[in-house]
Structure formats: C-alpha cells, structure tokens
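Presented below is the structure to which this report refers.
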Amino acid sequence: MKPDLPPLRALHVFEVFGRCGSVSATAQELGVTAGAVSQQMKILENHLGQPLYSKEGGRPALLPEAKTYHQFITAGFDQLHRAQEVYAQYQSRADIKISGLPTLLLKWLNPRIHRFQAKVDGAAIHLEATHSEPEPHQYGTQFRLTYGAAAEAFPHKQALFLDHCFPVCSPEFLRQYPEARNPDQLRELPWIDIDWGPTYSSVPRLADWLAHQGVAVSDRPPQSVHSLSSLALEAAAGGQGVALAQASFAEFDLELGRLVRLSQNTLPMPAPYYVCWGSAVLQDPKAQAFLKWVLAGA
C-alpha cells in the first residue's frame, strides 16, 4: 500500500458505494456513470494494493477489512460536512445566532428581543427553535438557551433564572368553573398536561403542584398532553382546561388577559435555565452586547 493518501475523488466514491451497496446506486447518487464509479473504485484498490469488495451471489459486498476502512472514511467525510456547516454559519448575514428550546424562545426571548435590537442599532438575529442540543462543532458559532443539565456540555454557561410554576386557565374557563381557584376542587376539573420527554422527567406537572399543596392526585386522565409548554398554554388560553404554567412563559399572556393565574402558591423548577456559548461567539461586539443584555434582563 502506498503511504500517501488516495485521491479524494476515489475516497468519496468509496464512501457512497459503502452506503449504497451497488455501483448503479452509487452512480445515481453522485450523478455519474457506472463506469466512472468502477474506475474510481479500481483506482482506490490499486492504491491500497488489495480488493475492497467481492461479488458473491451477484451483489457486491465490502470485505471485512474494507468495512472497517469505510467506517473511518465515513467519519472523515462527516467532519468535512460539519466543517462546511460551520463555515456557512460564519458567512451568514446574521450578526447573532441563537439556538434554544422552542417555548423558551417563543414565550420568553421573542417578546423581548426587539428591545435589544433597538439598543444595538437593529442587530440581525437568527433564531433556531429546537429541543436537540447543538453538536460540539457548533458551540463556537452560536448561543444556546437551554435548561438544566444540558448546559454542562458547553464550554461556557451562565444561569439566566430559576423559574416557578402555578396553575392557569382562560377567563372563560374560570367563569364556567369558578371552583378552579380551590386546589381541592381543581383536581377534578379538565386539565392539560405537559411532557417534555424522558430527558426532562423532573420537570413538574400539575399533579406535582397539587401534591405540593397537600392535595391528593386525582385518577382523572388529562384532557390532553403536549410536548411543548407553549402548546399547552395555547390550549389553556383556548378554554380547554387548566395548565401548569411557568412564570417566564405565561408572563405576557397574563398581561394580555389571555390567561388567569389561579393561585399565588408556586412550585419551583428543579433547575435553572441557562445561556451557553463557545469562545468564538464573543469575538463580535454585538454578540458581547447580547450576552450582557440577556443576563441583565434575566
């Protein structure tokens, strides 16, 4: 085997061939002829000094040692794709890129962000709402607003606030069920649950708030279950039942009269929300200004 690296084109064809499993499928994905694929595979085999696949049963299959080689080649191309993504993010016209949990962006940051833009001469901001935490290669190109232990993965983090929860409903629902202000009777009314999934199993639900008030939990099933807190709050605002709201998420709906707070008793969240960032983010003065602003506002 030659000590230098094989031609990149041959490695690319091999990577696709290993995924597609045939010359014709590889040619179709790459937009070339089957002959061109076979030629590049032959170039790679000549460079390595051994065959990469066999044709037992008429269908090509990677040899055992070639499968291991393919895993490394695939990982290398994954890194090249990630590098391209990072470079594209650097070239973005947005001054500040912010990734965050959907409801945290929608209900907490979005209603406030115009104040920051007014202070920093209309800084261009790109918001990406996602439950999935960014890949490590993205840490240096964007801020991340997240919750709890997820912040530990980032090079830099700062707690924003520790939220607290209380039950809410629509004004119309309260007029129909005035007993909703009584926790003992609230447990028997239609209620809306929030389930963020197993990763956030410690996030309180309405049953936890009732237990915190010393009220036995009812066997009554929820009216509906939502994976996003914002969807549950919209259902509550639509008169579908009572939801356990986080103060930061319900603030503006309470001010607008779309929701009514049913109790002054609160249940704290088990962990704070965080703003996270990588070292490269703060190379831009506008990004520095955003971090200062978001921490001051929180």
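Values below: every heavy atom of this structure, side chains too, minus hydrogens, waters and symmetry copies. Keep in mind the model is a prediction, meaning the values are calculated, not measured. Along the sequence shown, residues are numbered consecutively beginning with 1.
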Determine whether L63 and Y69 satisfy the following criterion, side chain to side chain contact (heavy atoms under 4.5 Å, CB included), listing intermediate values before the conclusion. CA-CA 10 Å; L63 297 172; Y69 185 59; over 6 Å; no
Pairs under 3.5 angstrom only: tabulate donor-acceptor contacts from the side chains of residues 236-248 to other protein residues two or more places apart or in another chain.
{"residue": "Q246", "atom": "OE1", "partner": "Y273", "partner atom": "OH", "Å": "2.6"}
{"residue": "Q246", "atom": "NE2", "partner": "Y273", "partner atom": "OH", "Å": "3.3"}
{"residue": "S248", "atom": "OG", "partner": "D163", "partner atom": "OD2", "Å": "2.5"}

Inter-residue atom distance H131.NE2 - T199.OG1, 0.5 Å rounding: 9.5 Å
For Q158, the side-chain contact (heavy atoms from CB on, under 4.5 Å) test, sequence neighbours excluded, returns V275, W277, L295
In short, side-chain hydrogen bond (donor to acceptor under 3.5 Å, both in side chains) pairs touching residues 259-269 with sequence neighbours left out are Q213-N265
Can you check whether S230's main-chain N or O pairs, donor with acceptor, with T103's side chain at less than 3.5 Å? yes
Is there a donor-acceptor contact under 3.5 Å from the side chain of R144 to the main chain of C276? no
Find out if a path of hydrophobic residues (ILVMFWY) with successive side-chain heavy-atom gaps under 4.5 Å connects L233 to L254. yes
Single-linkage hydrophobic cluster V260~V168, side-chain heavy atoms < 4.5 angstrom: no
In this structure, CG of L127 is separated from CD of Q142 (nearest 0.5 Å) by 11.0 Å
Residues at least two apart in sequence or cross-chain that pass salt bridge (Lys or Arg N to Asp or Glu O under 4.0 Å) with E179, listed by chain then number, are none
Determine yes or no for a side-chain-to-main-chain donor-acceptor pair under 3.5 angstrom, with N46 supplying the side chain and I43 the backbone. no
Are any side-chain N or O atoms of H70 and backbone N or O atoms of E15, one a donor and one an acceptor, separated by less than 3.5 Å? yes
Do V23 and V16 sit in the same hydrophobic cluster, where Ile, Leu, Val, Met, Phe, Trp and Tyr count as joined when their side-chain heavy atoms come under 4.5 Å apart? yes
Membership question, hydrophobic clusters at under 4.5 Å side-chain separation (ILVMFWY): are L267 and F161 in the same one? no
Applying side-chain hydrogen bond (donor to acceptor under 3.5 Å, both in side chains), which residue pairs with at least one partner in residues 29-44 are found, sequence neighbours left out? R19-E29
After noting the C-alpha distance and the side-chain angles of L44 and R9, does the key distance pass the side chain to side chain contact (heavy atoms under 4.5 Å, CB included) rule? CA-CA 9 Å; L44 183 57; R9 181 59 176 167; over 6 Å; no
Suppose clustering is done on Ile, Leu, Val, Met, Phe, Trp and Tyr with side-chain heavy atoms closer than 4.5 Å. Which residues sit in the same group as F252? none
Start with the C-alpha distance between F14 and L48, add both sets of side-chain angles, then the distance that settles side chain to side chain contact (heavy atoms under 4.5 Å, CB included), and finish with yes or no. CA-CA 12 Å; F14 172 65; L48 297 174; over 6 Å; no
Tell me, do W209 and P183 make a side-chain contact under 4.5 Å, heavy atoms counted? yes
Would you mind checking if K107 and E251 are paired as a salt bridge, meaning a charged N to carboxylate O distance below 4.0 Å? no
Apply side chain to side chain contact (heavy atoms under 4.5 Å, CB included) to residues F249 and L106 and explain how you reach the verdict. CA-CA 8 Å; F249 297 166; L106 176 65; over 6 Å; no
Can you tell me how far OG of S202 sits from OH of Y147, rounded to the nearest 0.5 angstrom? 5.0 Å
Measure the CD1-NE2 distance between I96 and H126 for me, rounded to the nearest 0.5 Å. 12.5 Å
Check for a donor-acceptor pair, side chain of H47 on one end and backbone N or O of D4 on the other, with a separation under 3.5 Å. yes
To the nearest 0.5 angstrom, please state how far the CZ atom of R258 sits from the CD atom of E172. 10.5 Å
